[in-house]
Structures are given as structure tokens and as C-alpha cells.
Amino acid sequence: MDRRDTIKSLLLGSIAGGVGLSTVPGCKTDDKTPAISPEKVGLYGRNEAELAHDQKIFAETYLTEYELTTVAVLCDIILPKTEKFGSASDAKVADFIEFIVKDIPNHQLPIRGGLMWLDHESFSRFGKSFAEASGPDQIKIIDDIAYPDKENKKPEFAQGRSFFNLMRNLTVTGYFTSKIGIDALGYVGNRPNIWDGIPEDVLKRS
Amino acid sequence: MQIKETPKQYDVIIVGSGAGGGMATNILAKNGLKVALVEAGPFFDPKDPKTQTQLKWPWESPRRGASTNRAFGDFDMSYGDWKVDGEPYTTKEGTKFMWWRSRMLGGRTNHWGRISLRFGPIDFKHKDVDGLGDNWPIGYEDIKPYYDKLDKMIGVFGSKEGRYNDPDGFFLPPPKPRLHELYYIKGARKSGVPIIPNRLSILTKKLNNDRGVCFYCHQCNRSCSVYADFSSGSCLIFPAQQNGGQVDLYTNCMVRSVTTDAEGKATGVSYINKEDRKEYQLNAKVVVLGASACSSARILLNSKSAQHPNGLGNSSDVVGRYLHDSTGAGRTIFVPALMNRKMYNEDGTGGAHIYSPWWGDNKKLDFPRGYHIEISGGMSMPAYGFSYDVTEMNKYIGGELGGYGDKLRDDVQRFYGAIVGMAGRGEAIARYENRCEIDPNTVDQFGIPVLRFDYKWSDYERLQAKHMVATFDEIGQNMGGIPLGDVPGKDKDYGLLAPGQIIHEVGTTRMGDDPKTSVCNKYAQLHDCKNVFIVDAGPFVSQADKNCTWTILALSMRTSEYIVDQLKKQNL
């Protein structure tokens with residue numbers, strides 16, 4: 001395959017899988033606002049070098065719009081809205097994942113490759129990308145990769161399981177470190193307090 | 001390069017503003033001396049809202065506090081960690097050493113654990129017990145008055161226990177245990193391991209008008225904005241300045257060497273101003289090094305002259321040798337009884353409210369020195385990594401692994417606060433062979449030759465770590481808990497962490513009566529150069545199974561008073 005064919009097939013791949021070549025830094029043209037805007041990153045006690053690092057990360061692009069759409073769908077399957085608490089999307093978990101894969105580059109390949117694995121699986125089974133597949137179809141795939149396979153009955157899903165495990169970890173961490181998630185958890189610290197020992201009722205139970 | 005001289009003449013130059021340098025600044029300034037305090041990092045004040053991380057929420061960091069920029073996470077108050085940009089260190093082939101440097105006013109005291117333990121009588125004379133290492137030239141009775149003054153000056157909570165080798169002090173009231181600590185107490189008692197209230201330099205009661213009282217946010221590692229925990233800036237340097245002391249701060253100034261005259265006497269220091277990258281000279285009657293055990297050794301080794309051809313204070317060739325860190329090993333225990341927690345604020349003070357001092361009889365054990373146990377756990381504030389692999393925990397209770405949605409939310413909630421950590425911090429044997437020296441081939445970005453470490457653990461430390469892990473597993477099982485992960489075997493040094501990793505490195509300029517086998521005398525004054533003193537952990541002969549800061553502070557106070565006395569007598 002010569003260079004021109006390579007480019008052609010990459011382009012075809014991008015149409016088929018939706019993963020474009022628009023991942024070159026600086027090519028992003030939309031003006032989507034991240035959860036924490038670059039102007040605000042200094043507000044958690046950064047020194048100059050750290051501030052510059054954060055701004056550099058914010059200015060970079062890794063995951064494409066298309067990839068992020070799938071990430072958001074996955075996040076909301078992992079932690080949907082409940083009666084009391086907001087969903088992963090409400091907590092802007094996809095924005096967190098968008099940032100963290102640039103900040104911790106080890107996450108990049110497993111996420112990008114995993115998303116392609118997921119689309120490939122969805123196309124093979126339903127003729128549609130994962131994001132475009134129906135809710136019940138999406139869940140069919142998720143149920144194949146969301147649980148361990150101790151008896152090795154479905155080894156073909158092993159890579160999908162690794163990917164889902166990472167997505168689950170990043171989603172849980174992103175959600176429960178957001179305001180919505182902290183409230184959902186019921187963590188009531190990080191404020192001035194008086195500590196006078198274990199509450200009586202808890203002490204009695206233990 | 002032209003070296004610029006500052007016309008100002010100081011009584012004392014102090015290098016480094018951590019525990020040792022801060023205490024020296026405080027005592028010497030209080031006694032009317034004109035002090036230059038030289039710090040390699042920037043100015044830092046825990047109450048400055050621009051740099052404050054205390055009470056920030058995880059979502060205020062776009063990485064939710066992950067460790068990309070700071071090794072202990074975004075909110076940890078240390079500028080510099082295992083790496084400092086442009087200032088490398090190296091290790092000899094086949095050896096490992098991890099070196100933490102905090103480049104900021106107050107140094108590592110801004111983020112440390114505030115564990116403030118006195119060394120006991122045995123700790124100063126341990127060679128008499130087991131024939132290993134060396135005795136200190138001083139005993140507990142020499143340093144006790146300084147520990148006493150320190151307790152009253154800075155404040156430490158704790159309880160009178162009457163334990164011979166864990167001497168009592170003047171204590172503020174200790175906080176009551178948290179729930180997981182209560183389980184630990186039950187588990188440890190069953191194994192015959194003693195538990196006493198922790199001893200932390202955190203104000204649980206008002207001490208003076210300069211400092212606030214602890215409001216129980218558990219974030220001492222972020223440096224307290226109301227000065228309720230000890231840091232060198234808030235408790236020593238700022239008070240010295242406010243009380244009329246003549247203290248000039250030279251921040252972002254990196255000391256290259258101590259300068260000496262034709263007689264070999266110190267005349268001051270030469271330093272690089274990091275902002276203009278030019279070299280300057282400061283002059284004083286006395287030079288006090290408190291740059292940290294390894295940094296002070298580096299400065300001495302880089303201070304070569306005709307009078308001190310092997311480096312200043314190094315006619316013995318002992319500078320850099322006997323380097324030792326505390327040993328460390330830990331275990332994580334899952335305690336099913338702590339599942340399904342009722343939610344309430346149990347942040348408490350920084351660190352643990354209780355601890356276990358060493359209890360064993362080493363004559364009956366296969367390793368020579370002891371360790372203490374630190375406990376962690378509870379319903380702590382989520383940060384990056386929170387609830388990773390949480391569904392895996394189900395395998396210990398017969399639940400279903402994996403999943404998503406409500407099941408996942410339920411898992412997060414049920415397992416929250418059910419993990420207890422135990423960490424041992426023990427005493428290593430100081431050995432002549434373990435050292436830092438000047439790397440002949442490497443300089444830092446200022447052209448200053450850097451340190452090369454050459455450190456190996458022995459079986460004394462490995463077998464101690466083995467005992468730690470076995471003890472933690474036993475206590476964990478007594479708590480009805482399940483230790484997570486495999487028991488580390490011989491191939492992993494039984495779980496012993498790397499040298500330097502506990503950040504208690506000491507011993508590089510050890511004190512002693514014999515100038516042939518020690519660098520400084522019992523007042524931490526160089527044998528080879530009377531007007532140079534060392535106030536960091538370099539002069540430690542041995543580390544004890546305690547943490548080193550309270551002893552650094554007490555020794556620095558003692559040395560500083562000695563300097564005042566010697567200046568009055570015109571002996572320097």
C-alpha cells in the first residue's frame with residue numbers, strides 16, 4: 001500500500017468508524033466550554049508552572065467530538081440519573097475524561113482503541129455505531145463486557161471488558177469527585193467542624 | 001563568572017527554612033542576632049489565598065487532585081517532590097534511593113504528617129543494647145529540656161502514658177478515635193500490640209494569639225491557613241520577624257557552597273539567585289546549615305578549598321555516609337463490619353488519632369530494631385482514583401462482581417469507609433557504606449555538582465518489614481478483616497519500601513566525640529570548622545523508630561542556644 005492509499009483507507013476508516021483525522025492538535029474548531037474553563041484553573045492554589053501546565057492541557061485536543069459523544073453515552077449507562085441524583089452527564093464526567101486522558105496520556109490508547117472496539121462490535125451486531133444503536137442494543141453489548149468471565153465462556157469479549165473496566169473507573173472517579181457525586185455519596189466533611197468522637201448511635205451498633 | 005558581594009554583614013546565615021532552619025531563625029533572631037535566611041524555593045505563607053489548597057473541593061482541580069503535577073496530588077502543599085525540575089540526582093548502579101525535596105519557605109514542614117514523637121533514652125544509646133550502629137554523644141537527659149520547651153512553644157497533643165522509651169511531654173488534649181480506629185484498637189489488643197493516642201503538633205486548644213485552633217478538616221498536608229498545625233513559616237519564621245527580629249529572607253536562592261578564608265574559617269556562603277541566575281556572596285560570622293540532611297552534605301562536599309581539600313568538615317571522609325531512612329511497609333485491610341456506614345463528618349485532625357508505639361523484644365526476634373504503626377481509613381473526601389475497581393470487593397463477601405447503574409452506585413456506597421490501612425515506620429541500622437556523594441559527571445541547571453546515592457537495605461530491615469506485614473495481617477484478621485493483595489515475598493523484600501521513600505533521611509553529618517569518625521560534635525558544630533553548624537537531620541547518629549522532626553527541632557533549639565552562648569563568649 002503506498003502513501004496515498006494509506007491516507008485513503010484512513011479516510012474511509014474515519015467515515016466508517018467515525019474517527020476522523022481531526023485529532024491533530026490545533027485542528028479543533030468548535031468552542032465547546034469545558035467544565036472548568038482555563039481562566040479558572042488557577043483558583044485551586046496553582047503556582048505559575050502548574051497554571052501554565054493546566055492551560056497547555058486545556059488548549060490541546062485528543063478525543064474527537066465523535067469519540068466524546070460515545071464516551072458520554074457510556075458514562076450515562078454506567079451512572080444514569082436516579083430519582084434523587086443526577087447522571088454522569090449532569091456531573092460533566094465526559095468533560096473530566098476529555099481532560100484526564102490528555103493529563104495522563106497512559107489512558108489515551110486504551111480509551112481510543114476501546115471506543116473503536118465498541119463501534120466494531122456494534123456495527124457487526126447491529127449495523128450501527130454504538131452511539132447510534134438503540135438503547136436495548138447498547139445494553140446487549142454492555143452486558144457482555146460489564147461482568148467478569150471467570151469460566152472463560154466468552155473470551156472474545158476480554159478486550160472489551162478491559163475497556164469497560166477503565167471506563168467504569170474513570171466514570172466513578174469523575175462522578176464522585178464532582179459536586180453532584182459528593183452529594184450523592186453523602187460525604188459531609190471538608191468544612192469547619194468539632195470532632196467529639198464517634199456518634200452515640202454508631203458506637204452502640206459497633 | 002563574576003561573583004557579586006552583598007555589602008551587608010550578618011551575624012548568622014541560615015541555609016534552608018524547614019524545621020531546623022526555622023527554629024534556628026527563631027531562636028537566633030529572638031536573641032538579637034542579625035540573620036540572613038536563604039531558601040532555595042519561593043516565599044510561602046499557608047494563609048495566602050492565592051496558594052491555599054485547604055478546603056478546596058476535588059472538582060476545583062480539573063484532574064480531581066491526581067498526581068500529575070505534585071507526587072502526592074494537586075492539593076498537597078509541597079513545591080517539589082521526588083523530582084525537582086533542572087535539579088537531578090543519580091544513583092549508583094544496582095541501588096535505589098528516592099529523595100523528596102520541597103522547595104519553598106518552610107520546606108517539608110508545610111505538608112508533613114505532624115507526628116511529633118520524642119526519641120527515648122534507649123534510642124540515643126542503642127549500641128549498648130544490641131551492639132549495632134553507634135551511640136549518640138548525648139543522651140535523653142541532654143535533650144529533654146528542649147523537648148519540654150518545644151512542646152510548650154509549638155504545641156502537641158497526646159497523653160501521659162509512662163512508657164520508658166516513648167517519653168511523655170506537655171500535651172494538649174488528644175482527639176477521640178474514629179470508628180475504624182476503634183476496630184483497630186480491638187484488633188491490636190487481641191494481638192498484644194499497645195495503642196495510645198497519637199502525638200501530633202496540631203492545636204486542639206488555643207496556644208497563643210498568633211495561631212488558630214484546629215477545626216478538624218483532616219488536611220494538615222495542605223498546610224493550615226489558620227496556623228493550627230506546625231509549619232516552620234507560620235510557627236517560627238513569621239513570629240521571629242513580627243517580634244522585631246532582624247531577619248532578611250533570601251528566597252529562590254540556591255546555596256552552592258560555604259566560603260572559607262585562608263585559615264579555613266567560614267566567611268559566609270555563595271548562592272545562585274534563581275531569578276537572574278547570577279552568583280552572589282553573603283558574609284557572616286556563623287553559618288548554619290539546615291538544607292536537609294542530604295542537601296547540607298552536598299553543600300559541604302561542594303565546599304572544597306586548600307584548607308578543606310575533601311570538602312568542608314570532611315577530613316574524616318564521613319560526610320554523606322551513614323545515610324539512613326526509616327523503614328516502611330504497609331497493608332490494606334478490607335473490614336466487612338465497616339460496610340454500609342452511616343454518614344457523618346469524621347474528618348478529624350490530620351493523620352490518625354491513635355498509634356501503636358513499638359512493643360516488641362528484639363532479643364526474641366530475628367531483626368534488631370523496632371517500628372511504630374500508623375493507621376489510616378475512614379470516610380475521607382473522594383479524589384482521583386476514588387472507588388477504582390470497587391466492584392471487585394464483592395469477591396470477599398460473595399457478591400456479584402462488575403456491573404453498572406444502580407448496582408454500581410450501591411457498591412460505591414456500601415464499601416465506602418470499609419478500608420483500613422496500616423503502615424509501619426521502623427528503625428534501620430546506619431551503615432558506613434550507605435551514602436550520598438558528589439556525582440563526578442553531573443551538574444544541575446546552576447552548574448552545581450549533584451548528589452549520587454549509594455544505598456542498600458540489609459536483612460535487618462527486610463526481616464523487620466516481614467514482621468510488619470505479618471503483624472498487620474494478624475491485626476486485620478482480628479478486626480474481622482481481609483488483607484488485600486498477596487503477602488510480599490523475599491523477591492519483594494517482604495514489602496520493604498525503597499530507601500528514602502519514607503522521607504526521614506538522616507545521618508549524613510553525624511555527631512560524635514571523635515573527629516575521625518564523625519562530622520560534628522555534640523552541639524552539631526563541625527569538628528573541622530568551628531563557625532559552621534548543622535541543624536537538619538544530618539547530625540543524627542541513628543533514627544529510632546520515631547519520626548525525626550521533633551528531634552530536629554529540639555536539636556536545632558539546643559544548637560542555636562549554644563551559638564548565642566559561644567558568640568557572647570567570643571569563641572566563634
Side-chain angles (χ1 to χ4, degrees), chain A residues 34-36 40-47 49-50 53-54 57-58 77-80 82 85 95-96 99-100 103-104 142 146-148 150 161 164-165 168-169 171-174 176-179 181-182 184-199 201-203 205-206, chain B residues 42 50-53 55-66 68-70 74-75 79 85 175-179 182-183 215-219 337 342-349 379-391 400-406 408-409 412-413 416:
Chain A
I36 298 168
K40 286 188 179 170
V41 295
L43 296 181
Y44 64 109
R46 295 307 81 187
N47 63 34
E50 290 166 333
H53 173 85
D54 280 4
I57 298 282
F58 271 115
I77 290 171
I78 292 167
L79 288 175
T82 69
F85 302 108
D95 286 352
F96 161 71
F99 182 89
I100 206 72
D103 196 53
I104 304 177
I142 295 302
Y147 301 90
K150 273 194 183 160
R161 268 184 218 106
F164 189 79
N165 202 40
R168 181 168 48 212
N169 282 339
T171 304
V172 165
T173 250
F176 287 100
T177 53
S178 73
K179 186 165 189 325
I182 294 246
L185 184 67
Y187 170 75
V188 286
N190 194 32
R191 66 202 71 189
N193 184 39
I194 298 289
W195 171 257
D196 192 32
I198 304 158
D201 58 325
V202 176
L203 207 51
R205 276 196 315 171
S206 64
Chain B
K50 273 198 219 103
T51 47
Q52 185 182 329
T53 57
L55 296 181
K56 298 289 178 192
W57 290 97
W59 64 79
E60 294 181 73
S61 150
R63 66 185 60 76
R64 310 295 163 91
T68 312
N69 288 330
R70 302 187 190 185
D74 266 341
F75 302 111
Y79 299 164
D85 277 346
K176 294 173 187 168
R178 305 174 178 94
L179 188 61
L182 200 67
Y183 277 81
F215 54 80
Y216 302 101
C217 75
H218 193 53
Q219 296 168 21
K342 180 192 167 178
M343 306 302 292
Y344 56 90
N345 185 342
E346 68 167 1
D347 284 350
T349 69
M379 299 184 286
S380 48
M381 181 159 49
Y384 180 78
F386 175 80
S387 277
Y388 257 50
D389 296 331
V390 65
T391 78
E400 188 183 22
L401 278 69
Y404 55 92
D406 288 348
L408 179 59
R409 278 184 192 268
V412 169
Q413 205 76 45
Y416 179 53

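Below, chain A is the first sequence line, B the second, and so on; all start at residue 1. Treat the numbers as computed from the prediction; the structure is a model and nothing was measured.
- When each of A66(B), C217(B), P177(B) is checked for heavy-atom pairs under 4.5 Å with chain A, P177(B) comes out on top.
- Here the closest heavy-atom approach between residue P80(A) and residue G405(B) is recorded as CD-CA, 3.7 Å.
- Looking at P42(B) and N47(A), their side chains never come closer than 4.5 Å, going by heavy atoms from C-beta outward.
- Proximity to chain B is limited to the side chain of D201(A), based on heavy atoms less than 4.5 angstrom apart.
- Here the options are T51(B), N69(B), D74(B), the test is side-chain hydrogen bond (donor to acceptor under 3.5 Å, both in side chains), and the partner is R46(A); only D74(B) passes.
- Note: M381(B) leads M381(B), Q413(B), M343(B) in heavy-atom pairs under 4.5 Å with chain A.
- Only the backbone of M379(B) comes within less than 4.5 Å of a heavy atom of chain A; no side-chain atom from C-beta onward does.
- Taking I77(A), T171(A), I57(A), N165(A) one by one and counting their heavy-atom pairs under 4.5 Å with chain B, the maximum is reached by I77(A).
- How far OH of Y44(A) is from CH2 of W59(B): 15.0 Å, rounded to the nearest 0.5 Å.
- Under the 30°/60° scheme for interplanar angles, the aromatic rings of Y187(A) and W57(B) are found to stand perpendicular.
- The ring pair (Phe, Tyr, Trp, His ring centres under 6.0 Å) search around Y404(B) returns none, not counting sequence neighbours.
- Here the CZ atom belonging to R63(B) is positioned 12.5 Å from the OG1 atom belonging to T177(A), to the nearest 0.5 angstrom.
- When the candidates V172(A), V188(A), N190(A) are compared by the number of heavy-atom contacts under 4.5 Å with chain B, N190(A) comes out ahead.
- Take T68(B) and apply the side chain to side chain donor-acceptor pair (under 3.5 Å) test, not counting sequence neighbours, and it matches D103(A).
- Counting heavy atoms from C-beta on, the side chains of Y344(B) and I198(A) come closer than 4.5 Å.
- In this structure, OH in Y384(B) is found 5.0 Å from CD1 in I100(A), a value given to the nearest 0.5 Å.
- Using a 4.5 Å cut-off between heavy atoms, Y388(B) touches chain A through backbone and side chain atoms alike.
- There is no contact between A49(A) and chain B, counting heavy-atom distances below 4.5 Å.
- For F176(A), the parts lying near chain B are the backbone and the side chain together; criterion is any non-hydrogen pair under 4.5 Å.
- The part of S380(B) that comes within reach of chain A is its backbone (N, CA, C, O), which places non-hydrogen atoms under 4.5 angstrom from that chain.
- In this structure, the portion of I182(A) lying under 4.5 Å from any heavy atom of chain B is its side chain and not its backbone.
- Proximity to chain B (any heavy atom under 4.5 Å) is shown, for R191(A), by both the backbone and the side chain.
- In terms of heavy-atom pairs under 4.5 angstrom with chain A, the leader among R178(B), Q52(B), K176(B) is K176(B).
- Annotation: side chain of D347(B) is not in contact with side chain of W195(A) (no heavy-atom distance under 4.5 Å).
- Both the backbone and the side chain of D389(B) come within contact range of chain A, each with at least one heavy atom under 4.5 Å from a heavy atom of that chain.
- Heavy atoms closer than 4.5 Å to chain B are found in both the backbone and the side chain of L185(A).
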